[in-house]
Amino acid sequence: MIPPFRPAPGPAVQDLASRIRRLPPSCGPVRLVGVDGHAGSGKSTFAEQLARALGGAPVLRLDDIATHDELFGWTGRLLDQVIEPLTHGRRAHYAPYDWRARRFGTPRPLPPAPVVLVEGVGAGRRALRPHLALLLWMELPPEEAWARGRSRDGEEQREFWNGWVPAERRHFADDPSRPFADLLVLQREKGYEVVPGPAGTVGPDQPLTHGDEPPAVC
């Protein structure tokens with residue numbers, strides 16, 4: 001079987017990966033990087049590219065942590081199963097949720113790698129930010145992101161989306177992530193553009209865009 005073609009990460013993603021490697025660890029020996037944004041904004045695709053640029057960094061998808069009954073009430077489970085062991089340099093284990101069977105599956109290991117990506121809506125929530133080395137926000141308006149997500153998931157998931165949108169609105173109204181993002185990631189026709197976010201830096205004295213230099217685009 002021929003594996004699917006995956007384009008190599010562009011210079012913006014490669015540059016970001018290089019900067020992440022230079023950040024100090026934030027969760028025990030791990031540089032924990034959050035990739036947040038509205039549902040349908042392209043977080044998973046971008047996280048996959050960034051993980052490849054980082055040499056195969058592990059990606060924890062919050063879709064595996066959330067459940068039908070706890071769309072956003074999963075903080076305690078994430079802290080207990082993932083953050084606590086990583087903080088002590090131990091291998092974490094989490095049981096991914098099966099959205100079709102509506103139950104948790106077999107536990108998966110998550111090693112204390114130099115960089116671990118946490119991807120999903122709520123990756124930049126206040127309970128996680130103290131453990132993050134960097135917070136990225138996928139810069140796409142909510143209505144556009146949700147429309148993309150609905151189109152992607154089709155009619156089968158219409159009922160789910162009807163419940164998800166108000167739940168996401170409530171979450172970000174109570175616990176916004178974007179104001180605390182270090183960088184904003186914009187998807188362009190070809191590749192990505194990465195620019196400083198409201199928090200403004202990539203670590204001490206390391207702004208992504210220096211002076212009048214154009215932002216990195218891959």
K.L.:
Compare every heavy atom of A173 with every heavy atom of P176, then report the nearest pair and how far apart it is.
P.N.:
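Residues P176 and A173, closest heavy atoms: CD-O, 4.3 Å.
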
K.L.:
Any donor and acceptor pair, going by atom type alone, linking the side chain of Q49 with main-chain N or O of V13 inside 3.5 Å?
P.N.:
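Checking the backbone N and O of V13 against the side chain of Q49, no donor-acceptor pair under 3.5 Å is found.
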
K.L.:
Please test W161 against E168 for side chain to side chain contact (heavy atoms under 4.5 Å, CB included), starting from the C-alpha separation and ending with a verdict.
P.N.:
CA-CA 10 Å; W161 275 96; E168 185 182 308; 5.7 Å; no

K.L.:
Please examine the side chains of L117 and L54, heavy atoms only from C-beta on, and report whether any two atoms are closer than 4.5 Å.
P.N.:
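Yes - at least one pair of side-chain heavy atoms lies under 4.5 Å apart.
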
K.L.:
Enter the distance from R31:CZ to R21:CZ here, rounded to the nearest 0.5 Å.
P.N.:
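One gets 10.0 Å once the value is rounded to the nearest 0.5 Å.
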
K.L.:
For D182 and L135, indicate whether the former's side chain and the latter's backbone hold a donor-acceptor pair under 3.5 Å.
P.N.:
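Such a contact is found between D182 side chain and L135 backbone.
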
K.L.:
Report the distance from atom CZ of R148 to atom OG of S41, rounding to the nearest 0.5 Å.
P.N.:
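Reported value, rounded in 0.5 Å steps: 7.0 Å.
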
K.L.:
State, to 0.1 Å, how close S177 and D36 come at their nearest heavy-atom pair, and which atoms those are.
P.N.:
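Nearest heavy atoms, S177 then D36: OG-OD2, 2.6 Å.
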
K.L.:
Which atom pair, heavy atoms only, marks the closest approach of L184 to P198?
P.N.:
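Closest heavy-atom pair between L184 and P198: CD2-CD, 4.0 Å.
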
K.L.:
State, with a plain yes or no, whether a side-chain heavy atom of F72 is found less than 4.5 Å away from one of R125.
P.N.:
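A side-chain contact exists here, since the closest heavy-atom pair is under 4.5 Å.
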
K.L.:
Rounded to the nearest 0.5 Å, what separation is found between the CG atom of D175 and the CZ atom of R126?
P.N.:
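Nearest 0.5 Å value for the CG-CZ distance: 4.0 Å.
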
K.L.:
Just by modelled atom types, is the A147 backbone N or O under 3.5 Å from a matching donor or acceptor in the S151 side chain?
P.N.:
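Flag not set: sc S151 to bb A147 has no pair under 3.5 Å.
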
K.L.:
For W74 and E70: C-alpha separation, side-chain torsions, deciding distance, then whether side chain to side chain donor-acceptor pair (under 3.5 Å) applies.
P.N.:
CA-CA 6 Å; W74 39 258; E70 296 176 316; over 6 Å; no

K.L.:
Could you tell me whether the side chain of R77 reaches within less than 4.5 Å of the side chain of F104, counting heavy atoms only?
P.N.:
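F104 vs R77: side chains touch.
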
K.L.:
Taking the six-membered ring for Trp, are H68 and F160 parallel (under 30°), tilted (30 to 60°) or perpendicular (over 60°)?
P.N.:
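Taking F160 first and then H68, their aromatic rings stand perpendicular (interplane angle over 60°).
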
K.L.:
For R102, does the CZ atom sit with more than 12 other heavy atoms under 6.0 Å from it, leaving out its own atoms?
P.N.:
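Counting neighbours around CZ of R102, 12 or fewer heavy atoms of other residues, nucleotides or ligands fall under 6.0 Å, so no.
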
K.L.:
Stepwise, does the side chain to side chain contact (heavy atoms under 4.5 Å, CB included) test hold for V33 with L23?
P.N.:
CA-CA 10 Å; V33 176; L23 294 175; 5.6 Å; no

K.L.:
I'd like to know if the side chain of T45 and the backbone of G42 have a donor-acceptor N/O pair within less than 3.5 Å.
P.N.:
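Pair absent, no side-chain N/O of T45 close to backbone of G42.
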
K.L.:
Are side-chain heavy atoms of R170 and L71 found at a separation under 4.5 Å?
P.N.:
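No, every pair of side-chain atoms sits at 4.5 Å or beyond.
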
K.L.:
Decide yes or no on side chain to side chain contact (heavy atoms under 4.5 Å, CB included) for L78 and L62, but give the supporting numbers first.
P.N.:
CA-CA 9 Å; L78 181 66; L62 293 179; 4.1 Å; yes

K.L.:
Less than 4.5 Å apart, side chain to side chain, heavy atoms only: is that true for L140 and H38?
P.N.:
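No, side chains not in contact.
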
K.L.:
With a 4.5 Å cut-off on side-chain heavy atoms, are P85 and R91 touching?
P.N.:
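Not touching, per the 4.5 Å side-chain cut-off.
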
K.L.:
Is there a side-chain contact between I83 and C27 (heavy atoms, below 4.5 Å)?
P.N.:
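Answer yes - side chains close enough.
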
K.L.:
Under the side chain to side chain donor-acceptor pair (under 3.5 Å) rule, what do W164 and Q157 come out as? Steps first, then yes or no, please.
P.N.:
CA-CA 10 Å; W164 173 270; Q157 296 297 323; over 6 Å; no

K.L.:
Counting N and O atoms only, with roles assigned by atom type, does the side chain of D63 sit under 3.5 Å from a partner on the main chain of G120, one being a donor and the other an acceptor?
P.N.:
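Answer holds: no.
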
K.L.:
To the nearest 0.5 Å, what is the distance between CG on L32 and CG on L128?
P.N.:
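The CG atom of L128 is 8.0 Å from CG of L32, to the nearest 0.5 Å.
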
K.L.:
Going through the checks in order, is the side chain to side chain contact (heavy atoms under 4.5 Å, CB included) test met by R150 and V165?
P.N.:
CA-CA 10 Å; R150 288 179 183 273; V165 169; 3.8 Å; yes

K.L.:
Can you find a pair of side-chain heavy atoms, one from V59 and one from E48, that are under 4.5 Å apart?
P.N.:
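Heavy-atom side-chain distance check fails, nothing below 4.5 Å.
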
K.L.:
How far apart are the closest heavy atoms of P58 and P111, and which atoms are they?
P.N.:
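Answer, listing the atom of P58 first, then P111: CG-CG, 4.1 Å.
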
K.L.:
For S26 and A133, which heavy atoms make the closest approach, and how far apart are they?
P.N.:
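Shortest heavy-atom contact: OG-N, 3.0 Å.
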
K.L.:
I need the minimum non-hydrogen distance between F46 and L16, along with the two atoms involved.
P.N.:
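That closest heavy-atom pairing would be CZ-CD2, 3.8 Å.
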
K.L.:
Would you find a donor on one side and an acceptor on the other, under 3.5 Å apart, between the side chain of R129 and the backbone of G124?
P.N.:
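Here the side-chain-to-backbone pair exists.
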
K.L.:
Output the distance between atom CD (E119) and atom NZ (K43), rounded to the nearest 0.5 Å.
P.N.:
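NZ of K43 is found 6.0 Å from CD of E119.
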
K.L.:
To the nearest 0.5 Å, tell me how far Q81 CD sits from D64 CG.
P.N.:
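These two atoms lie 11.0 Å from each other.
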
